[in-house]
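Numbers restart at 1 for each chain; the letters A, B, ... are given by sequence-line order, proteins then strands.
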Amino acid sequence: MHDLTSLIYRGCEFPADYLYDVDRDVWVRLDEDGCVTMGMTDPAQAQCGKFVHIRFKAPGRELQRGQSAATIESAKWVGPFPTPLSGEIVATNAAGFQQNILLANKDPYDAGWLIRLRPSRFEEERSALLPQEAALARYREKIDMRQLQCYRCMD
Amino acid sequence: MSFRVVDAGTVSWLDSQVIYHAVASAMTEETEDTMTLMNPATPYVCVGFHQEVEKEVDIAYCEEHGLPITRRQVGGGAVYLDHNQLFWHMIIHRSRAPYRIEDVYAQYLKGPVNALRAMGIPAQHRPVNDIQVEGRKIGGTGAATIGEAIVVVGSLIFDFDYELMAHVLKVPSEKFRDKIYQSLREYLTTIRRELGPKAPTWEEGKQILITQVAEALGQDVHIGPLTEREQAEVQRLRQVFTDPEWLYQSGGLRKKGVKIREGVHVHEAAYKAPGGLIRATIRVQGEVLDDITLSGDFFIYPQESITSLESALIGSPISEEALEQHAASFWQEHQIQAPGLTPGDVAKVIMQAAEG
């Protein structure tokens with residue numbers, strides 16, 4: 001079920017109050033304790049298809065912007081989950097994905113989060129992140145050009 | 001921008017993995033999209049990115065037979081690779097690749113599929129990523145994002161050593177190994193098996209592939225060497241790929257059964273029925289039981305009825321109800337006596353196997 005404040009384009013949802021790295025296909029949510037939660041955007045989960053496995057970097061690891069925080073294997077593809085922000089991994093959703101590997105395919109913006117991070121250069125790096133409407137404008141081009149349609153797993 | 005083909009020829013087993021990873025990880029938007037071609041001088045085993053070597057590969061067998069083991073940064077299962085397979089790797093900058101992975105496959109498998117067709121093999125791309133000839137697989141493929149590149153890998157299989165492939169996998173029983181061997185023979189074919197003496201030579205095959213890839217992409221293709229930056233990356237990755245930490249990292253990915261081709265898997269399970277242990281080694285095609293071997297220490301009379309029971313179960317849908325029904329009719333028809341073993345137990349062990 002989509003949030004009423006979400007913007008939806010060709011089945012792809014973009015919730016309000018999130019920031020987006022459109023090139024890396026990652027969403028970022030600012031948490032009250034100064035950490036951020038991150039996950040794959042709806043177009044990204046639709047693009048890679050059903051997850052079959054995910055391996056996380058361990059909490060405590062320091063990452064530079066662009067480095068991989070996890071590797072994902074779907075039925076037909078393997079690739080990294082690149083962090084749009086530098087910082088220390090404080091938590092991963094390994095337990096959630098262990099229970100249900102399709103979490104990000106079903107609920108990419110909430111239960112399907114991947115990583116919580118304590119950003120080390122947030123003020124400097126946040127300018128690359130776009131709010132909902134600006135992100136959708138960029139995504140619209142990407143989605144149109146590639147004729148993408150988002151689907152969610154129901155089972 | 002034109003398209004580069006790097007024909008590396010016959011290379012060491014290690015370089016047959018390292019070179020395409022190096023081209024991918026060195027790629028920037030300015031690099032030409034590239035296809036690398038090569039075959040390994042000596043055979044080896046390669047596991048999928050997230051697999052655990054100890055759980056997937058018979059390491060003792062590989063050591064005994066001098067087969068090195070390595071890991072690729074592409075998904076999928078463990079495979080046996082040797083000089084009769086011409087590896088091709090399409091390495092495309094992500095800014096120029098389709099967004100959806102299905103479209104990546106559709107675009108970049110066209111060349112290899114057309115190459116097989118040009119040889120006289122009616123190959124087809126079976127989405128998402130199989131290349132098949134009349135239901136038999138003639139090439140597996142995979143895709144990955146490595147650095148800024150999208151990589152699609154596959155091979156033209158001139159010949160295949162079915163027996164060695166069945167031996168390098170770690171399996172729960174010899175019956176399971178037999179089933180894998182039979183299934184590979186049934187569902188995996190090769191260029192020479194399809195064409196016999198009409199098969200192209202290695203060099204002819206390679207030329208056909210290059211021509212068809214160029215045509216399918218509609219791009220100017222030229223043969224070129226690795227750049228200095230790529231060569232340096234080759235040096236670096238040789239260290240990574242021979243580091244035990246790379247090979248023995250615990251991935252934890254367990255796939256259900258062994259995939260033979262898209263939609264065909266071999267599985268096994270054992271179940272303790274009151275009358276004894278019953279083991280089912282099965283092959284599932286789609287949602288149907290395609291083949292089965294039953295074994296264990298249960299008692300069944302008449303003794304030879306076990307083979308007919310297996311035949312009676314083949315073709316049943318994979319559902320506990322349907323399997324139990326098939327077994328129950330067999331029980332009745334053949335007046336089976338099997339103390340402590342019911343048609344329900346037979347259905348249960350097959351379902352356990354199918355569900356992994």
S.K.: Any salt bridge linking B:R96 with B:D33? Criterion: basic side-chain nitrogen under 4.0 Å from a carboxylate oxygen.
M.R.: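 A salt bridge links B:R96 with B:D33.
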S.K.: By a 4.5 Å heavy-atom criterion (distance strictly below it), what part of B:A97 contacts chain A: side chain, backbone, both, or neither?
M.R.: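 Just its backbone gets close to chain A.
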S.K.: Any ion pair linking B:K137 and B:D130 (charged N to carboxylate O, less than 4.0 Å)?
M.R.: yes
S.K.: By a 4.5 Å heavy-atom criterion (distance strictly below it), what part of A:P43 contacts chain B: side chain, backbone, both, or neither?
M.R.: both
S.K.: Can you tell which part of A:D23 gets under 4.5 Å to a heavy atom of chain B, answering side chain, backbone, both or neither?
M.R.: neither
S.K.: Chain A heavy atoms under 4.5 Å from B:S95: which part of the residue, side chain, backbone, both or neither?
M.R.: backbone
S.K.: Can you confirm whether more than 12 heavy atoms, excluding those of B:E320, are under 6.0 Å from its CD atom?
M.R.: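 Enclosed: over 12 neighbouring heavy atoms sit under 6.0 Å from CD of B:E320.
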S.K.: Evaluate side chain to side chain contact (heavy atoms under 4.5 Å, CB included) for A:F14 paired with A:S6, printing each intermediate quantity in order.
M.R.: CA-CA 5 Å; A:F14 300 92; A:S6 285; over 6 Å; no
S.K.: What part of B:E102 gets closer than 4.5 Å to chain A, counting heavy atoms only: side chain, backbone, both or neither?
M.R.: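 Only the side chain of B:E102 comes within 4.5 Å of chain A.
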S.K.: Measure up the A:Y109 and A:Y18 rings against each other and bin them: parallel (under 30°), tilted (30 to 60°), perpendicular (over 60°).
M.R.: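 It falls in the perpendicular class, over 60°.
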S.K.: Looking at A:R118, I want to see if its CZ is surrounded by more than 12 non-hydrogen atoms of other residues, nucleotides or ligands under 6.0 Å.
M.R.: no
S.K.: Which atoms of A:T71 are under 4.5 Å from chain B, going by heavy atoms: the side chain, the backbone, both sets, or neither?
M.R.: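 Answer is both: backbone and side chain atoms of A:T71 are under 4.5 Å from chain B.
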S.K.: Where on B:E148 is there a heavy atom nearer than 4.5 Å to chain A: the side chain, the backbone, both, or neither?
M.R.: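 No part of B:E148 comes within 4.5 Å of chain A.
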